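Throughout, protein chains are lettered first and strands after them, A, B, ... in sequence-line order, and every chain is numbered starting at 1. Remember, it's a predicted structure, so these values are computed and weren't measured experimentally.
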Amino acid sequence: RKEVEQDPGPFNVPEGATVAFNCTYSNSASQSFFWYRQDCRKEPKLLMSVYSSGNEDGRFTAQLNRASQYISLLIRDSKLSDSATYLCVVNMKGDSWGKLQFGAGTQVVVTP
Amino acid sequence: DGGITQSPKYLFRKEGQNVTLSCEQNLNHDAMYWYRQDPGQGLRLIYYSQIVNDFQKGDIAEGYSVSREKKESFPLTVTSAQKNPTAFYLCASSITLAANNEQFFGPGTRLTVL
């Protein structure tokens, strides 16, 4: 079993619609969680950190469910510019430093 | 502008050759990292460095070597011992080696072995 798993998609979303997807992680003691965004053939960039209480940044909402060991990302009012691959990133047990485990990504395609 | 630069953007290598990928940052970050990305897979950690003159193996260090002689620079050498070197290589840095620090990535180098 992979340590961080994501549905690869693609999620085809009409412009203006809402899309949500999850990421599961295997280690119950994981401490830090992030969503990164990666455009085609570009480098990943931090979208948002995920906090225990859940957090929102504009049209983006991230949730953490420790009991079921998953995090989620919801995008409201999708824009064409939201088309990208979204990487789930988790810090695993025993690693108090910045060693992160990356999921393979969920592709989102926003269509006009 | 502060950031991370990687060069070259594209690199072609013949089998049996060593090649060095450049990574420079002017963010004054202590920690630096090298990852490789293959299609359909997550980023995998090759090497990381907490501070100048210190570096540690990541999950897939075999066939690679690094140096950290300057804070700003963390070059990666892909040796002929690396069995499948064709991949997208990403360098990253963070303020310190702490789990909650954002990692900033360079634009990457696409290495193709002919």
Asker: For A:Glu5, which atoms come within 4.5 Å of any heavy atom of chain B: side chain, backbone, both, or neither?
Answerer: neither
Asker: Which atom names give the shortest non-hydrogen contact between B:Tyr10 and A:Arg41, and what distance separates them?
Answerer: CE2-NH2, 3.9 Å
Asker: Counting a contact as any heavy-atom pair under 4.5 Å apart, which residues of residues 105-114 of chain B contact chain A?
Answerer: B:Phe105, B:Gly106, B:Pro107, B:Arg110
Asker: Between B:Asp38 and chain A, which part of the residue has a heavy atom less than 4.5 Å away: side chain, backbone, both or neither?
Answerer: neither
Asker: Considering only Ile, Leu, Val, Met, Phe, Trp and Tyr, and joining two whenever side-chain heavy atoms are under 4.5 Å apart, list the other residues clustered with B:Phe104.
Answerer: B:Ile4, B:Leu27
Asker: Which atoms of B:Gln50 come close to chain A, meaning under 4.5 Å heavy atom to heavy atom: side chain ones, backbone ones, both, or neither?
Answerer: neither
Asker: Could you measure the distance from the CZ atom of B:Arg44 to the CZ atom of A:Phe102? Nearest 0.5 Å is fine.
Answerer: 13.0 Å
Asker: Are B:Tyr48 and B:Phe55 linked, directly or through intermediate hydrophobic residues, by side-chain heavy-atom contacts shorter than 4.5 Å (ILVMFWY only)?
Answerer: no
Asker: Testing the basics here: between B:Gly40 and A:Ala104, what is the closest heavy-atom pair and its distance to 0.1 Å?
Answerer: O-CB, 3.4 Å
Asker: Looking at A:Leu87, A:Leu46, A:Thr85, A:Val89, which makes the most heavy-atom pairs under 4.5 Å with chain B?
Answerer: A:Leu46
Asker: Give the member of A:Pro44, A:Ser32, A:Gly105, A:Cys88 that has the highest number of heavy-atom pairs under 4.5 Å with chain B.
Answerer: A:Pro44
Asker: Which residues end up grouped with B:Val52 if you chain together Ile, Leu, Val, Met, Phe, Trp and Tyr wherever their side-chain heavy atoms are less than 4.5 Å apart?
Answerer: none
Asker: Enter the distance from A:Asn91:CG to B:Asn101:CG here, rounded to the nearest 0.5 Å.
Answerer: 11.0 Å
Asker: Does a donor on one side chain and an acceptor on the other come within less than 3.5 Å for B:Gln6 and A:Glu43?
Answerer: no
Asker: Same cluster or not: are A:Val109 and A:Phe21 linked, directly or through other Ile, Leu, Val, Met, Phe, Trp or Tyr residues, by side-chain heavy atoms under 4.5 angstrom apart?
Answerer: no
Asker: So do B:Gln103 and A:Tyr36 actually touch side chain to side chain, heavy atoms under 4.5 Å?
Answerer: yes
Asker: Is it the side chain or the backbone of A:Pro8 that comes within 4.5 Å of chain B heavy atoms, both, or neither?
Answerer: neither
Asker: Heavy-atom distances under 4.5 Å only: say whether A:Phe34 touches chain B with side chain, backbone, both or neither.
Answerer: side chain
Asker: Roughly how far, to the nearest 0.5 Å, is NZ of A:Lys45 from CD of B:Glu102?
Answerer: 10.5 Å
Asker: If two hydrophobic side chains count as joined below 4.5 Å and joins carry through other members, does A:Val108 share a cluster with A:Val50?
Answerer: yes
Asker: For residues A:Leu73 and A:Val19: do they belong to one hydrophobic cluster (side chain heavy atoms under 4.5 Å, members Ile, Leu, Val, Met, Phe, Trp, Tyr)?
Answerer: yes
Asker: State plainly whether one hydrophobic cluster holds both B:Leu43 and A:Leu100, where clusters connect Ile, Leu, Val, Met, Phe, Trp and Tyr through side-chain heavy atoms under 4.5 angstrom apart.
Answerer: yes
Asker: So for B:Gln41, is it side chain, backbone, both, or neither that comes closer than 4.5 Å to the heavy atoms of chain A?
Answerer: backbone
Asker: Are there residues of residues 67-91 of chain B whose heavy atoms fall under 4.5 Å of chain A's heavy atoms? If so, which?
Answerer: B:Phe88, B:Leu90
